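Just so it is clear: chains get the letters A, B, ... in the order the sequence lines come, proteins before strands, and each one is counted from 1. Everything numeric here is computed off the predicted structure, so don't read it as measured data.
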Amino acid sequence: MTEAAAHAESAEPILRLRGVGRRFGGLHAVSDVDLDVIPGERRAILGPNGAGKTTLFNVVAGDLPVTSGRIELFGRDVTREPARQRAKLGLARSYQQSRLFLGLSVEDNIFLAIVGVGRGHLRPVVLPRKDAELRARAREAARRAAIDGRLGDVVGALAHGEHRQVALAMALAAEPKLLMLDEPASGLSRGERQLLTELLLALDADITLILIEHDMDIALRVAERVTMMHEGRVIVEGTPAEIRANQLVHDLYLGSHYGSEPEGGASG
Amino acid sequence: MRRAVSAFDWRLLVRRLPVGVAVGTTVFALVWVLFWAPSTNFGPAIHSPANFLITLLNGLTLAALMFIVASGFSLIFGLMRVVNMAHGSFLLLGGYIAYEVQQSMTNGGGLTVFSSQVNAWDWLVPAIVAAAAIGGIGLVTQQVFLRWNMGQDLRQALITIAISVIIADQVVAHFPLESSIEKGSAVNTSWPGAIDRLVNLHIAGVQYSVARLTMLGLGVAVGIALWLWLYRTKTGMVIRAGVDDRQMTSALGVNIQVTFAIAFVVGASLAALGGAVFTSYAGVNPTTDGQWLLNSLVVVIVGGLGSIFGTVAGALLYALVYNFSISYLPTTGGDCCGQYSPVLTFVLLALVLAFRPQGLFGRPA
Ligand SMILES: Nc1ncnc2c1ncn2[C@@H]1O[C@H](COP(=O)(O)OP(=O)(O)OP(=O)(O)O)[C@@H](O)[C@H]1O
Ligand SMILES: [Mg+2]
């Protein structure tokens, strides 16, 4: 925490959004969002259903073009660049509904995440030594996401919770500088949530994490800063403590959905 | 209580019906071909094993050719969801290119050259030139016309139909003599002399064409090469990933457009290779394109779109049903037997679509 705070003074933001907006016809899913995330930061994005959190991820990752505004990633304007360029720069994301290659094995899924950001993924010849090295990295990522027991299994045959683990392993395997996870805990059991929280807390200090999470417990434990969205706009930004104390947040979100949760349940 | 039990049994029966129909049909066809087959050209297989073996080999060799052509169609569809209506035209043009190249290599002077004048290179070089040229045309088609219309099925279908019409017209314009439909004459290339002969199989005294066995070998080789490429290389893995989820693949950093281009080139080249083979096997005329587009469609629909094993299964079933129905359907009057065989291949198609709409090896959409 103190280390990251020290960062905050000196470092240029790793992600900078200015006036970012995305419309779907007449619907402003995201409008006029400014956001700065500094290297190494753990940021949670909260907000009720339909607030525009996933859409924000989609425009940052390049899966959807913006309809207005500017996106800078690692100090570079990427507003017009395709998703694969942003992935190559060091951005990895997971999807709210796990999107995996159901016909491929767990190991191949993770392997692809590594191969994709590297060079030579369309190289026609096989280089056994290089591939073996990448395979080892894939297995290591699987171990970190605790899915290494199912390496050889076809992803289509796995359970829902395991899909989320594979998605996480893929995001980790790419060794991103900026990791964006969209509700990684949804559909996980209590024990799996605990594992996930530990993994996120133990993440390398130089990986920047942006997390969308409805599970307040996880979000407020992991995050150093919280951005609160509502109807496409950022309404509050602050530390977990400030967010908990904010009346607007309570009315909009905590009050209605999580009012019964104990106050001091999580300390940042 | 009684009612519940009988309802349960009924549902079980319905669920097993497809299997029952498939097994029943197969058993009936086997018994028919092996022991019964009254008033057919060949008679039952136990009386005439040689004819049975020849029919089987005819089916397998035709299946090999169908596999070569349809695997290209399936590759393009599986990755890009493009139903390439110009696939038959790629085959047709490939066939004509192979013909032209063989003519110029052997000084054929517009007549089919004798196979004794053709060596292996006189066959291979035309086939390679045809595959390369059509690969190039495929690349242009994909980059110039299809790339901008990703996901718009109707537009892509119309564009590829337009391309097939243009190709057909160009063929008619450039091969006025050989290709006039009234004359109905096809142009042929010759197999190399070394394989244009019969070999004694030492089974039931059958002599069989080495060229057709080579065709079978070529089909198997293409199948193995495709399998190695798709399942043992990174490019192949990226292609299979793209078949599963295009957007996700590019979100991982993969340049999916390059992948599409590669797949389209390979798919078009396979059509042209099939065309080169078909020009030696039967000859091409300007109606060959529609016939082979249809063949490709039937094979991949029966086998399941976008699956290499499905394409093998589809090609085998289609070619075997076609050949066996030619030989083992009863003849009506003095007229020979072939008239029902197209009907039976479409019965096959209808049965597969009725019970397994995604095809034998296809995944449900
Ligand atoms: N591709 C799309 N086309 C049309 N509307 C969309 C699209 N994607 C999102 N929307 C709309 O944009 C709004 C914001 O959706 P978004 O998925 O970003 O919300 P969210 O904050 O992620 O919600 P949740 O917590 O339910 O995941 C919603 O009203 C949604 O219906
Ligand atoms: Mg969402």
Practice item. Check side-chain contact (heavy atoms from CB on, under 4.5 Å) between A:Arg16 and all other residues, then give those that pass, not counting sequence neighbours. Key: A:Glu12, A:Pro13, A:Arg18, A:Asp36, A:Glu72
Practice item. Identify which part of A:Ala113 has an atom lying under 4.5 Å from any heavy atom of chain B, answering side chain, backbone, both or neither. Key: both
Exercise for review: Would you name the heavy atoms of A:Leu112 and B:Val238 that are closest together and state the gap between them?
Suggested key: CD2-CG2, 3.8 Å
**Study point:** Test side-chain contact (heavy atoms from CB on, under 4.5 Å) applied to B:Leu252 and A:Met170, A:Arg93, A:Arg84, A:Lys88, the passing residue
**Key:** A:Met170
Review point. Is it true that atom CZ of A:Arg137 has more than 12 heavy atoms of other residues, nucleotides or ligands lying nearer than 6.0 Å?
Key: yes
Exercise for review: For the pair A:Phe101 and B:Met248, evaluate side-chain contact (heavy atoms from CB on, under 4.5 Å) and give the outcome as yes or no after the intermediate values.
Suggested key: CA-CA 9 Å; A:Phe101 305 114; B:Met248 169 82 181; 3.6 Å; yes
Study note, to complete from the structure: Comparing B:Thr249, B:Val258, B:Ile262 against chain A, the one with the most heavy-atom pairs below 4.5 Å turns out to be B:Thr249
**Study point:** A:Phe111 CZ to B:Lys234 NZ distance, which is reported to the nearest 0.5 Å
**Key:** 5.0 Å
Exercise for review: Scan residues 65-78 of chain B for pairs that pass salt bridge (charged side-chain N to carboxylate O under 4.0 Å, His left out), counting only residues two or more places apart or in two chains.
Suggested key: none
Revision key, fill the gap. Residues 55-64 of chain A vs chain B, non-hydrogen distance cutoff under 4.5 Å, contacting residues -> A:Asp63
**Study point:** Shortest non-hydrogen contact between B:Ala251 and A:Ala87, atoms and distance
**Key:** O-CB, 3.3 Å
Practice item. With sequence neighbours excluded, tell me which residues meet ring-ring contact (aromatic ring centres under 6.0 Å, His included) with B:Phe73. Key: B:His87
**Study point:** B:Trp227, CH2 atom: more than 12 neighbouring heavy atoms under 6.0 Å
**Key:** yes
